[in-house]
Novice: 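My structure is below; once you've seen it, I'll send some questions.
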Amino acid sequence: HSIYRFIFDVGKKVDPGTVELFLKRMIEITHPCFCFATSDTHWDARCRVKYVHDWGIKEHNINFNDKRLCGVFWRTYFSDDLVKECKWQEKINNLPCECDSLPEGFLLKIYGDCFSPDWEKEDAVINHLGREYIADIKTFYKENNLIPVEEKV
C-alpha cells in the first residue's frame, strides 16, 4: 500500500458525482492506504503553514514525520489495513458523516458539496478518529511553538 493524494482543482461546471466516481475508480486501480479528493485551494488552507522562523518567514505543507495523515477532506478514503493499524474499527461504524464501505476500505463522505468545504464537519471527523492520527494546522503551530503569519487580504 502507498499513500496517494488526489487533488481535483476543477470548476463548478464539473458534477461532484463525476469526481467521486473518478476517485472510486482510482482507489480500485491503485489500492492506496489513504487518499482524498479536494480542491487545491482547500488543500492549501488546510495544510499549508506560514510562520515566523529564525531566518525570516517559512512556508511549507504540514508534516508529522509520517505519524499522522494530512487531514480529512470532502471525500477521504481509508484502507482496511489503515483502519486496523489505527484501531478505528468501532469508530468507523459511528462516524459523524456518511461512509461507503468499499471492497478494501472505507470512503468517508464528509460533506455534500466538494466546492464548499465544511471545516466544522472535517474537524468533527478528525476529533472522532483522534488528532494523534490526523494532522491539523492549529495543532502543528501549537506543538511546534510557532507564530503563524497572518495573510493580509
Side-chain angles (χ1 to χ4, degrees), residues 1-12 14-51 58-146 148:
H1 287 285
S2 299
I3 294 179
Y4 294 96
R5 177 177 65 147
F6 298 118
I7 295 180
F8 297 100
D9 192 10
V10 295
K12 290 192 178 217
V14 176
D15 173 48
T18 302
V19 177
E20 186 175 320
L21 285 172
F22 178 75
L23 179 63
K24 284 181 176 180
R25 183 68 179 127
M26 290 303 296
I27 290 167
E28 184 181 306
I29 291 169
T30 62
H31 308 286
C33 71
F34 167 72
C35 70
F36 58 88
T38 190
S39 70
D40 196 35
T41 304
H42 187 54
W43 163 255
D44 280 343
R46 246 329 188 181
C47 299
R48 193 104 183 125
V49 291
K50 190 174 187 178
Y51 53 91
K58 189 167 182 170
E59 185 175 3
H60 60 84
N61 290 327
I62 52 177
N63 180 355
F64 287 95
N65 58 22
D66 300 327
K67 292 184 179 183
R68 291 183 178 145
L69 303 173
C70 61
V72 297
F73 301 88
W74 171 68
R75 295 294 182 265
T76 303
Y77 172 80
F78 299 131
S79 71
D80 288 333
D81 290 341
L82 182 61
V83 168
K84 287 176 190 164
E85 184 178 328
C86 295
K87 298 176 178 66
W88 286 339
Q89 293 92 339
E90 291 297 317
K91 291 182 178 188
I92 288 290
N93 295 328
N94 302 312
L95 284 165
C97 67
E98 288 184 46
C99 180
D100 285 352
S101 183
L102 301 180
E104 295 181 32
F106 304 90
L107 183 65
L108 283 61
K109 297 180 173 189
I110 312 283
Y111 43 89
D113 184 359
C114 63
F115 304 107
S116 297
D118 189 328
W119 287 61
E120 287 182 17
K121 288 186 178 180
E122 289 176 6
D123 283 340
V125 172
I126 292 170
N127 288 333
H128 179 76
L129 295 173
R131 290 189 181 274
E132 67 272 19
Y133 297 109
I134 302 173
D136 173 73
I137 198 165
K138 292 175 190 171
T139 304
F140 181 85
Y141 286 127
K142 185 177 178 182
E143 287 179 349
N144 292 285
N145 220 10
L146 301 172

Novice: Tell me, please, which residues at least two apart from C86 pass side-chain contact (heavy atoms from CB on, under 4.5 Å).
Specialist: L82, W88, Y133
Novice: Without swapping roles, check the side chain of W74 against the backbone of P117 for a donor-acceptor pair under 3.5 Å.
Specialist: no
Novice: For residues 26-39, pull every pair meeting salt bridge (Lys or Arg N to Asp or Glu O under 4.0 Å), keeping only residues two or more places apart or in separate chains.
Specialist: R25-E28
Novice: Taking the six-membered ring for Trp, are F78 and F34 parallel (under 30°), tilted (30 to 60°) or perpendicular (over 60°)?
Specialist: parallel
Novice: Which pairs with one or both residues in residues 117-128 pass salt bridge (Lys or Arg N to Asp or Glu O under 4.0 Å), sequence neighbours excluded?
Specialist: R46-E122, R46-D123, D123-R131
Novice: In sequence, state the C-alpha distance, the side-chain angles, and the governing distance for F36 and C70, and then conclude on side-chain contact (heavy atoms from CB on, under 4.5 Å).
Specialist: CA-CA 10 Å; F36 58 88; C70 61; 3.4 Å; yes
Novice: Under the salt bridge (Lys or Arg N to Asp or Glu O under 4.0 Å) test, which residues partner K58, sequence neighbours left out?
Specialist: none
Novice: If the condition is side-chain hydrogen bond (donor to acceptor under 3.5 Å, both in side chains), which residues does K91 pass it with, not counting sequence neighbours?
Specialist: none
Novice: Which residues pass the salt bridge (Lys or Arg N to Asp or Glu O under 4.0 Å) test with K109, sequence neighbours left out?
Specialist: E20, D100
Novice: Nearest heavy-atom pair of S101 and F106: which atoms, and what distance?
Specialist: OG-CE2, 4.0 Å
Novice: Got a list of side-chain donor-acceptor pairs under 3.5 Å for residues 92-99, not counting sequence neighbours?
Specialist:
unit_1 : atom_1 : unit_2 : atom_2 : d
N93    : ND2    : Q89    : O      : 3.4
N94    : ND2    : E90    : O      : 3.2

Novice: Identify, with sequence neighbours excluded, every residue that meets ring-ring contact (aromatic ring centres under 6.0 Å, His included) alongside Y51.
Specialist: H60
